[in-house]
Number of protein chains: 2
Amino acid sequence: MSKKKVSLKDIAEKAGVSTALVSYVLNGKEKESRVGAEMAAKIRQIASDLSYKPNYLAKSLRSGKTQTIGLIIADISNPFFANIARIVEDEAKKNDYTVIIGSSDEDADKSWDLINVLLNRQVDGFIIVSSENTEEQIQYLNSRNVSFVLLDRHFPAIPTDYVVLNNYHASYIAGTHLIEGGYRNIGLIAYRSQLFHMQERIRGYVESLRDAGITFYPDWLTEVDFARIEPEIRAGIDRMLAADQPVDALIFSTYRLAISGLKYINELGLTVPDDLAIVSFGQAEAFDLYYCPITYLQQPMEALGKTAVELLISKLKDPEQPPRPVLMEATLIARNSSKVKAFVT
Amino acid sequence: MSKKKVSLKDIAEKAGVSTALVSYVLNGKEKESRVGAEMAAKIRQIASDLSYKPNYLAKSLRSGKTQTIGLIIADISNPFFANIARIVEDEAKKNDYTVIIGSSDEDADKSWDLINVLLNRQVDGFIIVSSENTEEQIQYLNSRNVSFVLLDRHFPAIPTDYVVLNNYHASYIAGTHLIEGGYRNIGLIAYRSQLFHMQERIRGYVESLRDAGITFYPDWLTEVDFARIEPEIRAGIDRMLAADQPVDALIFSTYRLAISGLKYINELGLTVPDDLAIVSFGQAEAFDLYYCPITYLQQPMEALGKTAVELLISKLKDPEQPPRPVLMEATLIARNSSKVKAFVT
DNA sequence: AATGTAAGCTTAATCGTTTAAATAGCAAAT
DNA sequence: ATTTGCTATTTAAACGATTAAGCTTACATT
C-alpha cells in the first residue's frame, strides 16, 4: 500500500540505539526509564522527520487492547440508529476509541455473525441494540467475560449494564396526553416482538387507558411483523377504523411505523387530527414537515449514546464492577397532531 | 476480557504437534504442505472442540492486510450518507471486508484526523466522500500509494478512481422539467462550496435556463454556508421572493437544504406548488409525507455504493491499474410539487 | 549397500510493538 | 580494592499468526 512504512526499527537505526529506547521515548516513559535528555530529543526529532506513525496492530497484539468498540444496531440506514451511531462515534473518539458499526437487521443469526466477526477482530467491548431471541448471545458474552452495554433494549432476566428509555412511562404519557385531549378510542401500533421494550410500550399504553377508566378493546392494538411492515400496518389501520369502537387516535411505537402508517392515512384521505389524532415515538424531520406537525416522544439521544459509551469504558477499566442499569425519560413534544379534540356540536 | 483465548499454540499442544502444522491445516493448505490425513482431521477436531477463533490482529500484522476499509463521509446521521454506509457495509461484508466509518462534518481538519487514525489502524484502503479543501489529503494518499475511491464527489484536476453522479445533467434535467411545466423564474439553493459536484449542480441549472432562452438573474441563486444553513436559507428565500423577478419555482441541491427550506416555506404560509414549485436532489421519507409530494432526483444509491466497493477491491488486488472514473445518472421522479403550472385566467 | 525421493513434521524467522530484566560505565563510599 | 548506587542503554521474550526451509523417517530404485 504505502511506499515504505516507518517502524521503530528505522528510527532506532538512524539514532544508533535499540528499539526499546525509541519506544520508551515515544510513549513518554523517558522519566521512568531514565532515558538521556539529549538522546530523547534526538529520537523525537528523527521520529518527526520520518513522520513516524505507530502500527496499531502491533501495539494491540502486544497489549491485548485494540481501543475499538463494536456497535451492533438494527440498521444504520434507520435515522434513529444513525443518530445514535454518530453520538457513540463522537463520544468514543473523545476517549480514543474507534467504533466499528454492524447492522443486524433485527436478525439473531446476523447478530451472531457480527459478534463473532468483531470478537475475532479483538474489539475491547460492545454496545449492543439487541434483537429478538439473542439472550443466548448475551449469556455467551457474559460467560466469556466480554464487556458490553445494552442500548435501547435490554433483557430484564439477565443482569447487565444497560441504557434504555423508560418505555412504560413514555407510553403511559402518550396515552394520558391523548385522553386529556378528549380522545377515548386510542389505538397502538407496535412491533410483534417479545422484546421487553416493546412489551413495555404496550403495557404503558394499556395502563394509561385503564387508569382513565377506559375499556381497552383488543382491536385497538395492532402488532406488526418486522419483515412485513407495509401490509400489516394497512390491515391493522383498516381493522382499527372498522372496529365496533373505531379509533379516533393512534400511537405509533416507533418512527418507522409512524412513517408507514402516515403514508397510508394520507392515502385514505383522513385528516390529522380531526379524523385521527397521532402521537409517535422517535423524532424525525418528516414529523416537522407534515402538514400537521406530529406530536412525538422525544428521546434523550445524546444522553443515551454518551452514557452507553461511558458505562462501557468504565467497565473496560474495571470489569469486576457490578452491572449498572440506566433508565431515561422521554419528553412528550405536543404538536397539532394531538390537539384538544374538536367536538362536533 | 475473555477467560482464556484459544490460540494456535493451544491446539498444537493438545495435538502434540507444532503450530505450523495447525496453521497449514486450518488454512486449508494441507495438500500443499503434505499434512497427514488423520492428523489434519485430529487438528480440525480439536480446533472445533476448543472453538478456536483466529486472532485477526496477528494475521494482519503478519500479512500486512487487515481486510478493513475506511469509509469517510460527512455525517453518518445524515440519511443520504447513512444509506450509502449501509450499502457499503453489506457489499464489503460479502467480500470479507469490515468497514470503519468516520464522520468528517465537511471539515478538512477532521478529515485529516480520520485519515491518520485509519491509516494507523492499517486499513487496506479508503472510500471517501471528500470535503472542501481536501485536495492535499488526496494527493498525500496518492503519494503514499494508498488505495482509495472517491464517492459522490471528486476533484477533476486529480486523476483518481471515483464514483459520482452526473451532477451537471441531473441539475439540467431538474431545470428543464420545471421549465416544461411552465415555470420561468426558477431559483436554486446550493451550498457555498468550491466542490466540483456543487459547481456542476449550479452549472446544469444555469444552462437549462439558458438553453430555454430564459435570462438568469443572480438573485435566483442562493449559496448557503454549511455551518449556517437555517439563517442563510431564510434570507435566501426572502431575497428570491422579493426580487424584481420573484421566483415561482425552487430547486434544492441537497436533501438537507430541502428540509430546511420547506420548513421555512411552510412558515411563510406559501403553498406548494401554486406559490412555489419544488424539485430537490436526494430522496427522503419526508418528501413522500409532505402534503404535496416533492419531486426529486433519485440517485442510484445501490449502484453508487456497490461500485465504489468493487472499484476499491479491484484496486487493492492490483494497485497498478489506471484510475477508473464512473459517472452515474439520476432519475427525476415527478410528483405534485412540480406539476404543470396552473395559470391564473 | 548406496542413493533418491516423497511424506510428514519441526524449526525459526518475521510482522511492529512493549517491557521486565540484564548490563555497562562511572562516581562515590567503604 | 571492592562494593554500592546511579544513569543510560541493550537484550530478549512475548503477543498470535504465517511460511520458507530444514530435518527425519520409510521406502523404492539402482
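Chain A is the first sequence line, chain B the second, and so forth, proteins listed ahead of strands; every chain is numbered from 1.
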When rounded to whole Å, the CG to P distance for the pair Leu26(A) and dT19(C) reads 13 Å
Atom NZ of Lys65(A) and atom P of dA14(D): how far apart are they, to the nearest Å?
-> 20 Å
Does some side-chain heavy atom of Lys14(B) sit less than 4.5 Å from a side-chain heavy atom of Val22(B)?
-> no
Residues Asp90(A), Lys94(A): salt bridge by 4.0 Å N-O rule | no
Do the ring planes of His154(B) and Tyr162(B) sit parallel (below 30°), tilted (30 to 60°) or perpendicular (above 60°)?
-> parallel
Length of the line joining Gln67(A):CD and dT17(C):C1', which is rounded to integer Å | 15 Å
Report, one pair per line, the protein and nucleotides 15-17 of chain D atoms (nitrogen or oxygen only) whose separation is under 3.5 Å.
residue	atom	partner	partner atom	Å
dC15(D)	O2	Arg62(A)	N	3.4
dG16(D)	N2	Ala58(B)	O	3.3
dA17(D)	OP1	Tyr52(B)	OH	2.6
dA17(D)	OP1	Asn55(B)	N	2.9
dA17(D)	OP2	Leu8(B)	N	2.5
dA17(D)	O5'	Tyr52(B)	OH	3.4

Could you state the atom-to-atom distance from NZ of Lys31(A) to C1' of dC6(D) in whole Å?
-> 16 Å
Side chain proximity check, Leu141(B) to Leu119(B), heavy atoms < 4.5 angstrom = yes
Salt-bridge criterion met for Lys110(B) and Asp75(B) (N-O under 4.0 Å) | no
Expressed in angstrom and rounded to an integer, what is the separation of Glu30(B) atom CD from dT19(D) atom C1'?
-> 16 Å
Indicate whether any N or O donor in one side chain lies under 3.5 Å from an N or O acceptor in the other, for Ser77(A) and Asn83(B).
-> no
In the 5'-to-3' direction, what one-character label does each nucleotide of nucleotides 20-26 of chain D receive under the scheme B = base within less than 4.0 Å of a protein heavy atom, S = sugar-phosphate only, - = no such atom?
-> B-B----
Over how many whole Å does the gap from Leu21(B) atom CG to dA7(C) atom C1' extend?
-> 12 Å
Thr98(B) and Arg121(A): side chain to side chain donor-acceptor pair (under 3.5 Å), yes or no, with the steps?
-> CA-CA 9 Å; Thr98(B) 297; Arg121(A) 290 189 176 257; 2.8 Å; yes
Please figure out whether Gly16(B) or Lys29(A) has its closest DNA chain C nucleotide nearer the 5' end.
-> Gly16(B)
Salt bridge (charged side-chain N to carboxylate O under 4.0 Å, His left out) contacts touching residues 149-162 of chain B (sequence neighbours left out) = Glu106(B)-Arg153(B), Asp161(B)-Lys315(B)
